[in-house]
There are 2 protein chains.
Amino acid sequence: MTCHTAPVNTAARRPARNRPAPTLEEVAARAGVSRATASRVLRGDQKVSERAREVVLAAAQEISYVPNLAARTLVTGRSESVAFLVEESEERMFADPFFLGMLRSAQEAVATAGQQLVFTVMNRPEDQERFLAYAAGGHVDGVLLLSLHGRDQLPQRLESLGVPTVLSGRPLSGGRRLWYVDADNVGGGELATRHLLDSGRAHVATVTGPLDMCAGQDRLAGYRAAVEAAGRPYDEGLVSVGDFTAAGGHAATVRLLDERPDVDAIFAASDLAAFGVVRALRESGRSVGDDVAVIGFDDVPAAADQQPPLSTVKQPIAALGTAMTRLLLDRIEGRPGLTRRTILPVELVLRETA
Amino acid sequence: MTCHTAPVNTAARRPARNRPAPTLEEVAARAGVSRATASRVLRGDQKVSERAREVVLAAAQEISYVPNLAARTLVTGRSESVAFLVEESEERMFADPFFLGMLRSAQEAVATAGQQLVFTVMNRPEDQERFLAYAAGGHVDGVLLLSLHGRDQLPQRLESLGVPTVLSGRPLSGGRRLWYVDADNVGGGELATRHLLDSGRAHVATVTGPLDMCAGQDRLAGYRAAVEAAGRPYDEGLVSVGDFTAAGGHAATVRLLDERPDVDAIFAASDLAAFGVVRALRESGRSVGDDVAVIGFDDVPAAADQQPPLSTVKQPIAALGTAMTRLLLDRIEGRPGLTRRTILPVELVLRETA
DNA sequence: CCCGGTTGTGAGAGCGCTCTCACGAGCGGT
DNA sequence: ACCGCTCGTGAGAGCGCTCTCACAACCGGG
C-alpha cells in the first residue's frame, strides 16, 4: 500500500444506502412553489421569474436533487441516447481499426450532442430479439448499425417498430428504404486498380472482402470496372475471396499464388487483408512493392507503420462516423430535408507498396 | 450500384411512422385478461395458467407489442444497464489496448448478464456534472470507472448519490470506502525488476507511469522494493517519469540516457511506454536486449509482435474486465458477502528483450 | 359439510415526471 | 372605469408499467 490514505470524503451528502432519491415534489415543497414551476426551472424553460428560478435552484442544490430520467423518458418519449451496434464477434470488432474508428467518432459526436452511446456487439443471432426489444422499448432513440451481413432484416424490423436506424455501408437489400452513410467503395476500387494497371503491372489480382457485404461487392466492382476500362479481360482466376481480416487475406493470397504464380499486383479490399497479403507474399519469397505491388483499403493507422508502409485507399473513417451520427440525430429530431444516402469520397494514398 | 435490389420487406407490421406504440393495456384487452395478468405472462412470472399464457403471448405477437422500458424502469428502479466510463481523451482511450481490452471484456460480461453497456469517454471536466446527472438519474444501475486520476472525487460522488461504482485500479484517495479491481502492480514491478537484477544488469532504471495514478505509483514501488531487496541503493537518477504512452516513454528514455548513459536495463511501467523506450534506445544506437534489457507491463497483443518480441509483465486484462463487471452486477443485485478489493495476480513473460 | 390452504386473477394505487389548461395579477389603451 | 393583453403560476391529468392486496375458485382432510 503505497498510496496516501484518503482525506475525509468531501461530499457525503447522502450517506445512507437506499435512502429514496429526492423527487421534484420535495424540491418544489422546499422552494415553496408547485411541481410545474420547479420542473420549468430545472429544464431551463423561459417562463419563470427570476425569484422562482433562484429559490428552486437553491432547493435542488440543498437536497442534491437529480431528476429521474426514466420518468422524464416515459413522458417525453425521448431517452437522449442512441445505440451503436456492431454485428460482428467481439474478436473482430476489437481487432479492426475501422470499427474502432467508427466507435470513436460516433462516441464523440454523440457526446457533443449531449447524448449517450449504448454500445453493443452482437455475435449470436438470438441476441437480435433481445436487442430489438431493447431498442424498441425506448431505451434508445435510434440505432447506428455497423457491419450488416447478407439479407439481415434487422434494420427493416427496427424501422417498422419506429426506431430510426442509420447504417454504415449500403445494405445488400432494402437499400431504397433504408438510411445509410458509405464511402465510395466502387470509386476506391477503381482508383487502386487503375493505378496498379497504369504503373505497368501485367497481372493485377484482387483479394476481396466478404461478398455478402456491399462493401466487399462494391470494391470488387470497382476493380472490375478499372480492368475493363483498361481494355483487359476480367479474369476470375485473379479474384480471390477474403473477408476483410488479415487471416482471410493471407489464406486468399496463398490460394491465389498457388493458381497464378505470375501475379505481380494485388488490390486488397481492406488494410487488414493487405497485411495478410504482404505476409503471404513474403512467405512465398516475393518482395513486396518490387515483385508484387499491393494496395489496401481503409488507411487504418497501422498502414503507415508497416514495413514497408502500405499504399492504400483512404476512407474518411472519422467523417463517416460523424456523418452517420449526425444523420441519425437529425432524423430523431425530425429535421426535414434529409437524404437517405450519403456517399463520402475516398482518396488514393501512395506509400511504398505500390 | 452492384447490389441486388431488395425483396419485398418481410415484416412491415407497423408501417406508419409515429403511430403510437401498442401498450400492455391493448395486449390485455385483446387477450381478454387484466393488465396484471398480461404483465405476469410477459415477465415470465410463475403464477399464471397455461391458457392465459398462450392467449397473452398470441395477442402480444399479433400487435408486435414491445414493453416500454422507461415505464418499467420507473417502477422497478432498475434500468438493466451499466455505464463504462473512461476518464481519458478519446485519443488515448482508443490508442491503448488496455482500455480496449477492458471495454471488450466488460461488454461481453454485461451482454452475458443480459444487460446493456453505456459507453462514455470523458475528456473535459465539465462533462463530469453531466455524467453525474445521467448516472444518478437512473438510466444506468451502476458505473464501471477506468483511469481515475489524482484525487478526483467522482466515485465518491457517485456512491453518495446511490450509484454503485467499481473502479479499475486502486484509487489514490478514498481507497477504504471504494470498490475496485486491480492487478498486482507492486508484485509485477518487483518481478520485472528482480529479473533484470538477477540477470546481472548493473544499472537497472525504470520509466514510470503517471504518478497521479496508483498503477504508476505501485509499479514504481515494486521496482524500488526489488532494488532494495537486492541490497542496492534506490537511486532517483535511475527513475524517469513517463505517462503510460509511447511518446511519454520515448521522452523519458531520452532524458534518462542523457543523464545516465550507463543504463543497461529498463523496466517500463506499460507496454506502450516500452515501445517508446525501445525506439529511443535504437535512436541512440543501442541494441535492445543486448546493450539494454527492457521489460514492459500489460502484455498487450502488440507486445508479442514487436521486433524483437517484448518481455513484459502479463496483466490478466480480460479477467480484470470480467471481474469488475461481475462485482458491479453483484453489488447492484445486492448479493451479500462481496469484498471491496480484488487483486489479480500478474506473471512475467520473458521474450527477447530481457 | 365445513374449513384452512392453495392458486390464479383483477382492481387500483402508485413510480416521478412533463404538459396542457385555466386562472389571477399586472399592464396600458380607450 | 372598462377591456384585452401578456406573463407567471398551479392544479391535475396522464405517460405505461409493476406490485400489493383482496377475492373467487377450487383442493383435500377432518
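Order of the sequence lines sets the chain letters (A, B, ...), proteins ahead of strands, with each chain counted from 1.
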Regarding the side chain of A:S39, the nearest nucleotide among C:dT18, C:dC17, C:dT20 is C:dT18
Checking contacts here: which listed nucleotide (C:dC17, C:dC19, C:dG10) is nearest the side-chain heavy atoms of B:T37?
C:dG10
Ring pair (Phe, Tyr, Trp, His ring centres under 6.0 Å): pairs with one or both residues in residues 112-136 of chain B, sequence neighbours excluded:
B:Y134-B:H139
Nearest to the side chain of B:S49, heavy atoms from C-beta on, is which of C:dT9, D:dT9, D:dC17?
C:dT9
Look at all strands and tell whether A:A52 reaches a base, only sugar-phosphate, or nothing, counting heavy atoms closer than 4.0 Å.
sugar-phosphate
Rounded to whole angstroms, how far apart are CZ on A:R35 and C1' on C:dT20?
13 Å
Protein-nucleotide distance (A:H139, atom NE2; D:dC17, atom P), rounded to Å
13 Å
From CZ of A:R78 across to C1' of D:dC15 the rounded distance in Å is 15 Å
Comparing nearest nucleotides in DNA chain D, the 5'-proximal residue of the pair B:R40, B:L69 is B:L69
Establish, from distance only, whether the side-chain atoms of A:Q115 and A:S81 form a donor-acceptor pair under 3.5 Å.
no
Is the closest side-chain donor-acceptor distance between A:Q107 and B:E90 under 3.5 Å?
yes
Looking only at side chains, do B:N123 and B:S89 share a donor and an acceptor under 3.5 Å apart?
no
A:D45 CG to C:dT18 P, straight-line distance once rounded to whole Å
10 Å
Residue B:R72, side-chain atoms from C-beta onward, closest of C:dC15, D:dT18, C:dT18
D:dT18
So, is A:T23 close to the C:dG16 phosphate, meaning a side-chain N or O under 4.0 Å from OP1 or OP2?
no
Can you tell me how far CZ of A:R35 sits from OG1 of A:T23, rounded to the nearest 0.5 angstrom?
8.5 Å
Figure out the CG/P separation between B:L24 and C:dT9, and round it to whole Å.
15 Å
Would you kindly give the CD-to-P distance between A:E25 and D:dG10, to the nearest whole Å?
12 Å
In this structure, how many angstroms lie between the C1' atom of D:dC7 and the CZ atom of A:R53, rounded?
14 Å
Between the side-chain atoms of A:R51 and the base atoms of D:dG8, is any donor-acceptor pair under 3.5 Å?
no
Provide, to the nearest angstrom, the distance between the NZ atom belonging to B:K47 and the P atom belonging to C:dG10.
15 Å
Checking contacts here: which listed nucleotide (D:dA11, C:dC17, C:dG14) is nearest the side-chain heavy atoms of A:A36?
D:dA11
